[in-house]
Each structure stands twice: as structure tokens, then as C-alpha cells.
Q: 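There's a structure below that I have some questions on.
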Amino acid sequence: MKHPESFSLKAVDKLLYLLSQGCMLHKVKGGGLLYPRTFYLDTENMVLKYSGSEKRLRKKRISWPISKIREVREGEKDYSKRLDPYDRGRCLAVVFGTNHEVLYLMSETSQMRDDWIKGLRFALHMDQYMDQKQQTDRWIREAFQMADKNNDRSLDFEEILKLLKQLNADMDKKYVLELFNKADTTKTHGKPVLDAEEFVRFYHMLTERPEIDEIFMKYDDGKGYWTFSDLCKFFYHEQKLDLTEDQSKELIAAFEPQKQLQLEEHLSPIGFRTLLASNDQQLFNPIHKRVYQDMTQPIINYYISSSHNTYLTDDQLRGPSRVEAYITALSRGCRCVELDCWDGPDEEPVIYHGYTLTSKIFFRDVLSAIKDYAFQSSPQNPNSRYPVILSIENHCSVKQQTVMATYIRSIFGDLLYAPEETPNRIPSPHDLMGKIVIKGKKLPNNLSNTDEGEVSDEDEAADVSNESVKPPKKDSGHKIKLSQEFSACVGFKAVGFKGVEESINSKGIFVSLGENKALKLIDNDRDGVIKLNQHMLVRTYPAGSRTDSSNYNPVPMWNAGCQVVALNFQTNSEPMQLLQGKFMDNGGCGYLLKPGFLLSDDRSASPWTSRKRLSITIVSGYQLPKPNDSKKGEIIDPFIKIEVHGVKEDTQQCKTSVKENNGFNPRWDEHVSFVIGQPDHAIIRFVVYDHDRCVDDFIGYFALPFHSIQEGYRHFSLLNKHGDKIPMALILLKVEIKEA
């Protein structure tokens with residue numbers, strides 16, 4: 001196993017011990033405030049924590065699981081203005097979660113800062129290589145620490161009952177007591193208690209899964225274990241996979257925890273449980289976790305994961321603009337980001353939402369962040385080598401456009417795709433691997449050798465519908481001046497939409513349509529829209545009236561073949577969940593080959609995929625959490641909603657019954673079935689809710705393309721509204737797909 005830093009294991013142990021003893025670091029807050037706290041790196045329980053807070057009344061976070069860390073960044077490489085008053089060489093930024101919440105810290109010395117960066121990166125590396133059982137045991141220990149209020153490193157029976165309530169388990173008291181007594185192996189005089197190791201054993205007994213044991217007993221012939229041939233039968237009949245003898249023996253060796261059974265090539269019920277929860281047995285097909293599609297077709301043949309007003313982290317009128325928002329979007333697989341560029345002070349172009357009160361960030365800082373993160377691989381986005389498109393809305397004077405061009409050339413260098421002559425054919429994602437492409441207005445090639453020229457102006461900012469921030473009106477034929485230097489940086493020429501045929505004949509490769517115009521065009525001339533996106537990239541974006549940064553439904557746009565369907569990434573509602581689910585496919589690389597009948601050239605003659613019947617048995621749930629704002633002691637009443645999103649005729653949904661007072665291990669065994677006419681367009685979304693008399697509370701979701709579903713008994717992990725995995729929360733299904 002490679003270690004993240006080139007230093008010996010002995011030195012690592014010494015460093016981790018040092019950090020576990022606690023070091024004084026300052027939390028750097030907004031407004032130049034510093035809060036001294038003692039920070040600890042606890043690699044036994046895999047948490048970063050601190051002490052010394054004076055807060056008594058407000059809820060405070062004083063620890064973070066290492067598994068939630070996305071990046072540990074040197075202060076010199078962070079773009080926050082918060083660190084400007086301080087020595088960045090003594091600062092670090094710890095980035096958490098999909099939404100990139102950042103903890104800024106400052107140490108007493110640069111050496112101490114470097115030690116913390118090394119230690120945190122090593123702990124993150126350790127966490128990523130933990131096997132499934134280690135992760136489960138660590139999570140149980142975290143629960144133990146949460147319940148151990150008096151820090152005596154033991155839990156009595158009453159404390160355990162309180163913890164089970166917190167974990168959403170409403171269980172028979174006698175049964176829990178029986179398991180408690182079984183796990184208490186170090187009987188002591190006085191009150192019976194469990195230590196941490198005994199609690200792990202107790203928890204494993206408590207969380208046995210009878211529904212999985214029932215599946216096991218179908219194939220064990222009363223033996224109490226499976227041979228490799230029993231495992232082959234299960235895979236053939238249930239999982240619809242034909243395993244070889246060697247493959248089945250490899251699975252037994254990998255998942256059977258008991259050494260003697262391993263040697264005998266037998267699989268126990270516990271081993272089967274672990275196998276069924278493993279990554280390759282999830283609902284999402286593991287083959288689709290890598291880039292498997294043909295990436296050599298023209299780029300117009302691909303859907304592209306795209307962000308609207310990427311710089312914003314809140315609403316469209318007063319919200320803050322942040323460089324971090326670009327890093328967040330890129331790390332989530334986005335391959336087309338938006339930059340609204342305006343004249344700034346001291347000849348420094350800025351990015352913000354024009355005619356509004358949103359804050360401003362420097363153009364050059366955004367370019368530097370894009371260069372650093374465009375192709376940076378991470379566990380969340382391991383296939384980030386395909387091109388990144390910068391959709392530039394250019395509102396700058398010619399003088400500052402020339403400054404922009406200088407920054408583009410100097411920061412991106414060879415990464416920039418900007419051919420001097422228009423290529424004979426549209427390049428493919430493969431051709432553009434590792435390239436950054438500017439999409440914007442471009443001057444004609446035959447322009448005389450002057451500093452500037454004029455192009456037509458289609459201003460997305462003019463879409464803003466709030467009266468207090470409306471931009472000045474422009475004539476329909478309004479022209480803007482364009483710098484020759486900036487024009488030469490543009491790799492994908494954008495043109496205004498003047499009709500399907502005129503756009504196709506414009507020699508542009510990009511056209512943008514507001515949400516309402518796009519939907520109207522799809523309703524009135526669907527074939528025309530499909531023809532348009534068989535010749536050029538069609539970008540759609542939210543209506544200007546969505547000042548709260550809400551999103552439109554992207555599915556109708558995808559169905560009509562629109563490739564660059566831009567959403568507000570900061571708003572994690574249903575549309576973003578569908579986008580994240582769709583783009584999990586093809587290795588999460590941000591590019592998906594469109595269905596054959598939507599492709600350009602002769603490829604559009606490809607046949608449609610035939611109608612399918614999707615049959616799902618919702619078997620059970622496991623450790624479903626409470627909603628964030630639920631009352632203390634309340635046990636949830638979960639139900640699951642299953643939705644099909646696709647063409648209008650395929651859009652359908654149904655839901656299970658409500659299971660009262662059981663988020664710990666609810667059992668449904670309920671069957672649903674959907675006929676799907678156009679499976680190539682279908683996205684399946686599962687949503688778990690807590691039933692409430694007024695409004696059902698969202699618990700978590702999972703979404704994926706229809707063709708990424710694996711048949712058989714399959715788990716999926718629940719994601720919270722930000723797209724982060726909820727620890728331990730699983731849903732078990734049985735899935736069957738047939739011709740309809």
C-alpha cells in the first residue's frame with residue numbers, strides 16, 4: 001500500500017502519537033476572529049476532535065469522522081480571503097463532505113502545520129483502505145462513545161436502551177437484556193456493564209438480519225454453511241450471474257471471517273451477509289463505475305454534467321460568490337462550469353451575478369482553482385481526465401477582456417484548447433482529454449488585424465426577472481466589442497439562437513436556451529430540437545425568475561437530446577439528485593453517450609431499446625436515521641417511494657406501506673412493478689421518508705440510470721440531501737428485469 005507521504009512507518013507512528021496527545025491550533029473564523037482550541041487526531045476511532053469551546057447553549061460540532069474529509073489543503077493553496085490577514089504557511093484547510101464545508105486552522109509554526117497535514121492525509125488514506133468489517137466496528141465504537149456520557153468507558157443496560165432509541169431502534173426490552181447478558185463476558189460485582197469490545201459483540205448480535213438468513217437457508221440444504229457449488233447456484237438463480245468454480249472460491253476466501261471455514265472453502269451466514277453488502281453486490285452495476293463507453297465520437301454526441309452560475313453558493317440576488325464553489329462542482333464530476341465576467345477595480349476582471357448584490361471574486365483566482373482541480377482524481381471522482389468547458393458570459397470592456405486573455409494563456413498554458421483554424425471535424429472527449437475549452441463569442445477569422453471587433457450580444461443576465469435588479473434594456477440587434485486576444489482563446493464558438501436552421505448554419509458549436517424557451521421549443525418542434533443537438537451543443541439554464549436558486553426538471557431536456565443541461569449545484573433538491581444519479585454512470589466522468597437514436601450522422605438510425613418490465617421487491621431497511629430536526633426520543637415511521645423519471649409515458653411512482661416505530665430494521669417484503677417503454681431515458685429514484693401527519697420528512701435517497709441496475713438481491717446505501725453516504729443506512733431489494 002502506498003503512503004501519501006514519503007516517510008517511514010516508524011516516523012508515521014511517532015507523528016500520529018504526537019497528534020493524538022493534542023496540539024493548540026486556532027480556528028480561523030470570518031471577520032478575522034481566532035479561537036484557540038486543543039485539537040486531537042484519534043486514529044483508533046478515526047475522528048478529528050477538539051476541546052476548549054466555551055459554548056454551552058448552542059449546538060456545536062467538536063468532532064468530525066475522518067471518513068467525511070474530502071481534502072486537506074495547505075493555506076497557500078486555498079482561495080478564501082479569510083486567510084489573507086495571516087501567514088498562510090501556518091494555515092491549513094480541512095474540507096468536509098460533498099458540499100465542501102471548510103474548517104480553517106492556523107498553527108503556531110509552519111512545521112506544526114506540515115505535521116498536521118501529513119497526519120490528516122495519512123489518516124484519510126488509512127480510512128479509505130479499511131475493509132467493510134473494520135468500518136462497521138469503527139462506526140459501532142463511535143456510537144459507544146456517543147452513549148458514554150460519563151466517560152467511564154462502559155455502558156450499563158439503561159445507557160444502552162437510551163442509545164438504541166437514539167439509533168432509531170424500538171426493541172423488546174427482554175430480548176435486548178438477553179443479548180446484553182450474553183455479551184457481558186467479564187462479569188463484575190455490582191452493576192453489569194459492557195466495555196467497548198463487548199458492546200461491538202452485543203451490537204453484531206443485535207443487528208442480525210433474519211431476511212438475509214432466510215435467503216441463505218434456501219440454498220444450504222440444512223448444513224448451516226454453503227459450499228462453492230451452493231454459492232454458484234445462488235448467483236445463477238438469484239443474481240443472474242454465471243460464476244466459475246474459481247470465482248466462487250475467491251469470494252469465499254474474501255468474505256468468510258472464520259478461518260476454519262475458509263480452509264474448508266465453506267461460507268457461513270455471517271460471511272454471506274458481508275458478501276451481500278459488498279460493493280460488487282450493490283444495486284449499481286460495478287462495471288459502470290469505470291469509463292466503459294466509446295469516448296471517440298464527436299462531443300455533441302454526449303450528455304455533459306453542467307453547472308449554472310457555478311460561483312454562487314446561495315441565492316441568485318444576494319448570495320456569496322466563492323472560488324470553493326468551482327472546486328466543489330468539479331469534484332462532483334461537473335465538466336461544464338459558468339463564469340460571469342465583469343470589469344473589476346485596478347484592471348482586475350471579477351466574477352459575480354451581474355445587476356445583483358452577490359459578492360465578487362477575482363477571475364484569475366477562479367482560473368487557478370480550475371487548473372488545480374479540473375483533472376484532479378479523488379475517490380468521489382476517479383475519472384476526471386475528460387475536458388472541462390468554461391462557459392464564459394463576457395460583460396467586460398475590451399481592455400479587461402485582454403487582461404482575461406492574458407490570464408487564460410498564462411494560467412492554463414498547454415491545457416488550453418484553442419485551435420487557430422476551425423477543425424474539419426468536431427473533436428471527441430477522447431481528443432480533448434486533459435484540455436480546458438473556453439466557450440464564448442468569437443470574431444470571424446477574416447477580420448482585419450485590429451485590436452477588437454463586434455459580435456451580437458445575447459445576455460443571460462437579461463433573464464433576471466426581479467424588478468429591483470433588472471439590467472438595462474438592449475436593442476435586439478445589440479452588438480458588443482470583443483478583444484482579438486480573448487477571441488483567440490475561445491475553442492467552442494457560441495452563437496445566439498435565431499431558429500433551428502439558422503443556428504445549424506451559423507458555424508457555431510454552442511447555443512444556449514433559457515428553461516422556458518427550451519421547453520416551449522421541445523413542445524412545439526421536438527424534431528427540430530433533436531436535429532439542432534445533432535449538429536451542435538445545446539445548453540439550457542434555469543429561468544431568471546428562479547432567484548432562490550431552485551432548479552427545473554432536467555429530464556425533458558435530456559429526453560430531447562440537449563447535452564449541456566445546467567443546474568444550480570448548490571441546491572440539492574430532486575433535479576440535482578437526478579443529475580447526480582444519471583452521471584454516476586460511465587465512471588462518473590461527466591460525459592455520457594446519448595442513446596443511439598439521438599446521435600448525429602448515420603448513428604441516429606440505431607434501434608431503440610425494447611420495452612422492459614422492472615419488478616422490485618422491497619425487502620427491508622437497515623439503520624435508517626432520524627431526520628435532522630426530529631424530536632429527541634422519537635422513533636421514525638419509514639416508508640419508501642419508488643419513482644421512474646423518463647419520457648412522459650414512463651413517468652410513474654408508487655410507495656410502500658409505513659412501518660411504525662422502526663428505523664432500525666424495518667421489514668416490508670412488498671412487490672412493485674413498472675413497464676418502461678424507453679429504458680434508455682429512465683432514471684430510477686428511491687426516496688425514504690419519515691411519515692408525519694403534516695409533512696413527511698425526507699431521510700435519504702438513491703438514484704441511478706435504469707441500465708445501471710443489477711438484478712438479484714441488491715443493497716443500496718442511502719445518501720443525504722447533499723449526496724453524502726449516510727453511515728450504515730441500507731435498503732435491500734430483489735430486482736428482476738424482463739422484456740415487456
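Just so it is clear, the values below take in all heavy atoms, side chains as well, and ignore hydrogens, waters and symmetry mates. All values derive from a computational prediction rather than experimental measurement.
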Q: Are any of the side-chain nitrogens in Lys734 or Glu214 under 4.0 Å away from the carboxylate oxygens of its partner?
A: no
Q: Does any part of the side chain of Arg685, heavy atoms only, come nearer than 4.5 Å to the side chain of Glu574, both counted from C-beta?
A: yes
Q: Got Asn559 and Leu598 here, is their nearest side-chain heavy-atom distance under 4.5 Å?
A: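 Heavy-atom side-chain distance check fails, nothing below 4.5 Å.
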Q: Pick one: which of Tyr225, Phe272, Tyr713 meets ring pair (Phe, Tyr, Trp, His ring centres under 6.0 Å) with Phe216?
A: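 Looking at Tyr225, Phe272, Tyr713, the match for Phe216 under the ring pair (Phe, Tyr, Trp, His ring centres under 6.0 Å) is Phe272.
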Q: Given Phe228, which partner from the list Leu243, Ile252, Leu267 fulfils the side chain to side chain contact (heavy atoms under 4.5 Å, CB included) test?
A: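 Filter result, single survivor: Ile252.
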Q: Let me confirm one number: the OG1-CD distance from Thr656 to Glu670, rounded to the nearest 0.5 Å.
A: 5.0 Å
Q: Return the orientation label for the Trp226 and Tyr219 ring planes: parallel under 30°, perpendicular over 60°, tilted otherwise.
A: perpendicular
Q: Rounded at 0.5 Å granularity, tell me how far CG in Asn99 sits from OG in Ser331.
A: 9.5 Å
Q: State, with a plain yes or no, whether a side-chain heavy atom of Val529 is found less than 4.5 Å away from one of Leu513.
A: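 Side-chain contact under 4.5 Å: no.
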Q: Got Asn553 and Leu578 here, is their nearest side-chain heavy-atom distance under 4.5 Å?
A: yes
Q: Can you find a pair of side-chain heavy atoms, one from Asn285 and one from Leu704, that are under 4.5 Å apart?
A: no
Q: Can Tyr541 and Ser391 be counted as having a side-chain donor-acceptor contact under 3.5 angstrom?
A: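 No, no side-chain donor-acceptor contact under 3.5 Å.
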Q: Would you give the length of the straight line joining atom OH of Tyr689 to atom CZ of Phe698, rounded to the nearest 0.5 angstrom?
A: 7.0 Å
Q: Is the ring pair Phe284/His288 parallel, tilted or perpendicular, if the boundaries are 30 and 60 degrees?
A: perpendicular
Q: Without swapping roles, check the side chain of Gln239 against the backbone of Phe234 for a donor-acceptor pair under 3.5 Å.
A: no
Q: Can you name the nearest heavy-atom pair linking Leu276 to His715, along with the distance?
A: O-ND1, 3.0 Å
Q: Would you say Asn720's side chain and Gly700's backbone share a donor-acceptor pair under 3.5 angstrom?
A: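 Here the side-chain-to-backbone pair does not exist.
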Q: Which residues satisfy the side-chain hydrogen bond (donor to acceptor under 3.5 Å, both in side chains) test with Ser573, sequence neighbours excluded?
A: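 Applying side-chain hydrogen bond (donor to acceptor under 3.5 Å, both in side chains) to Ser573 gives none.
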Q: Does the side chain of Thr274 come within less than 4.5 Å of Pro257's, by heavy atoms?
A: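 A side-chain contact under 4.5 Å is absent here.
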Q: Are the side chain of Gln293 and the backbone of Leu593 linked by a donor-acceptor contact shorter than 3.5 Å?
A: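 Yes, Gln293 side chain to Leu593 backbone: donor-acceptor pair under 3.5 Å.
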Q: Can you see which heavy atom on Leu579 is nearest to which on Val565, and at what distance?
A: CD1-O, 4.2 Å
Q: May I ask you to check if Lys582 and Tyr303 form a cation-pi contact, with NZ or CZ under 6.0 angstrom from the six-membered ring centre and within 45° of the axis?
A: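 Yes, Lys582 sits over the ring of Tyr303.
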Q: Is it possible for you to check whether Lys233 lies under 6.0 Å from the centre of the six-membered ring of Tyr236, through NZ or CZ, and within 45° of that ring's axis?
A: no
Q: With distance as the sole criterion, is a donor-acceptor pair present between the side chains of Gln282 and Arg714 under 3.5 Å?
A: no
Q: Checking the side chain of Asn301 only, and the main-chain atoms of Leu599 only, is there a donor and an acceptor separated by less than 3.5 Å?
A: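 Here the side-chain-to-backbone pair does not exist.
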Q: Run Val735 and Gln710 through side chain to side chain contact (heavy atoms under 4.5 Å, CB included) and show every step you take.
A: CA-CA 7 Å; Val735 180; Gln710 292 201 100; over 6 Å; no
Q: Looking at Asp220, is its backbone amide N or carbonyl O close enough to the side chain of Lys223 to form a donor-acceptor pair, meaning the two atoms are under 3.5 Å apart?
A: yes
Q: Might you confirm whether atom NZ of Lys249 has over 12 heavy atoms from other residues, nucleotides or ligands at distances under 6.0 Å?
A: yes
Q: Would you give the length of the straight line joining atom OG of Ser248 to atom CZ of Phe235, rounded to the nearest 0.5 angstrom?
A: 9.0 Å
Q: What closest approach, in Å, do Asn572 and Gln577 show between heavy atoms, and which atom pair accounts for it?
A: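 Heavy atoms only, the tightest pair is O-NE2, 3.5 Å.
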Q: Using every non-hydrogen atom in the two residues, find where Cys562 and Asn533 come nearest and quote the distance to one decimal.
A: N-ND2, 3.5 Å
Q: Under 6.0 Å from the NZ atom of Lys738, do we count more than 12 heavy atoms belonging to anything else shown?
A: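 Check fails, neighbour count at 12 or below.
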Q: Can you see which heavy atom on Val675 is nearest to which on Gln652, and at what distance?
A: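 That closest heavy-atom pairing would be O-NE2, 3.1 Å.
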Q: Please check if any side-chain donor atom of Ser550 sits under 3.5 Å from a side-chain acceptor atom of Asp548, or the reverse.
A: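 Looking only at side-chain atoms, Asp548 and Ser550 do form a donor-acceptor pair, the distance falling under 3.5 Å.
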Q: Side chain to side chain contact (heavy atoms under 4.5 Å, CB included), that's the test. Do Ile676 and Ile684 meet it? Break it down for me.
A: CA-CA 11 Å; Ile676 301 174; Ile684 314 300; 4.2 Å; yes
Q: What's the shortest heavy-atom distance between His722 and Arg332, and which atoms?
A: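 Closest pair (atom of His722, atom of Arg332, distance): O-NH2, 3.9 Å.
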Q: In terms of ring plane angle, is the pair Tyr302 and Tyr591 parallel, tilted or perpendicular, where the classes change at 30° and 60°?
A: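 Aromatic pair Tyr302/Tyr591 classed perpendicular.
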Q: So, the side chain of Gln563 versus the backbone of Val538: is there a donor-acceptor pair under 3.5 Å, distance only?
A: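 Yes.
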Q: Any chance NZ of Lys520 has more than 12 other-residue heavy atoms, nucleotides or ligands included, within less than 6.0 Å?
A: no
Q: Under 6.0 Å from the six-membered ring centre of Tyr386 and within 45° of its axis: does the NZ or CZ of Arg335 meet both?
A: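 No, Arg335 does not sit over the ring of Tyr386.
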Q: Donor-acceptor pair, Gln678 side chain versus Val647 backbone, under 3.5 Å?
A: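 No, Gln678 side chain to Val647 backbone: no donor-acceptor pair under 3.5 Å.
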Q: Less than 4.5 Å apart, any side-chain heavy atom of Ile635 and any of Asn662?
A: no
Q: Between His681 and Phe597 (judged by ring centroids, cut-off 6.0 Å), do the two rings come close enough to count as a pair?
A: yes
Q: Could you check Gln316 against Ser549 for side chain to side chain donor-acceptor pair (under 3.5 Å), going step by step and ending with a plain yes or no?
A: CA-CA 6 Å; Gln316 304 282 309; Ser549 295; 2.9 Å; yes
Q: Side chains of Glu338 and Thr310 only: does a donor on one sit below 3.5 Å from an acceptor on the other?
A: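 Checked: Glu338/Thr310 side chains show no N/O donor-acceptor pair below 3.5 Å.
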Q: Main chain of Ile636, side chain of Asn661: is a donor-acceptor contact present, judged purely on distance under 3.5 Å?
A: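 No; judged by distance alone, with no hydrogens or angles, the pair does not exist.
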Q: Can you check whether Ile640 reaches Val687 side chain to side chain, under 4.5 Å on heavy atoms?
A: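 No - every pair of side-chain heavy atoms lies 4.5 Å or more apart.
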Q: Is the number of heavy atoms from other residues, nucleotides or ligands within 6.0 Å of NE2 (His707) greater than 12?
A: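 Correct, the count exceeds 12.
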Q: Could you tell me whether a side-chain N or O of Ser620 sits under 3.5 Å from a main-chain N or O of Leu732, the two making a donor and an acceptor?
A: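 No.
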Q: List the steps and the verdict of salt bridge (charged side-chain N to carboxylate O under 4.0 Å, His left out) for Arg613 and Glu739.
A: CA-CA 6 Å; Arg613 179 178 294 278; Glu739 298 293 322; over 6 Å; no
Q: Carefully, step by step, assess Asp724 and Arg70 under the rule salt bridge (charged side-chain N to carboxylate O under 4.0 Å, His left out).
A: CA-CA 11 Å; Asp724 288 318; Arg70 289 289 177 267; 3.0 Å; yes
Q: Determine, step by step, whether Thr98 and Leu719 satisfy the side chain to side chain contact (heavy atoms under 4.5 Å, CB included) criterion, reporting the C-alpha distance in whole Å, the side-chain angles of both residues, the deciding distance to 0.1 Å, and the verdict.
A: CA-CA 11 Å; Thr98 306; Leu719 306 176; over 6 Å; no
Q: Evaluate the side chain to side chain contact (heavy atoms under 4.5 Å, CB included) criterion for residues Gln580 and Tyr701: first the C-alpha distance (whole Å), next the side-chain angles of each, then the deciding distance (0.1 Å), finally the verdict.
A: CA-CA 11 Å; Gln580 291 295 110; Tyr701 84 98; 4.3 Å; yes
Q: For the backbone of Gln570 and the side chain of Asn568, can you confirm whether one donor and one acceptor N or O come within less than 3.5 Å of each other?
A: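 Side chain of Asn568 to backbone of Gln570, a donor-acceptor pair under 3.5 Å: no, none is there.
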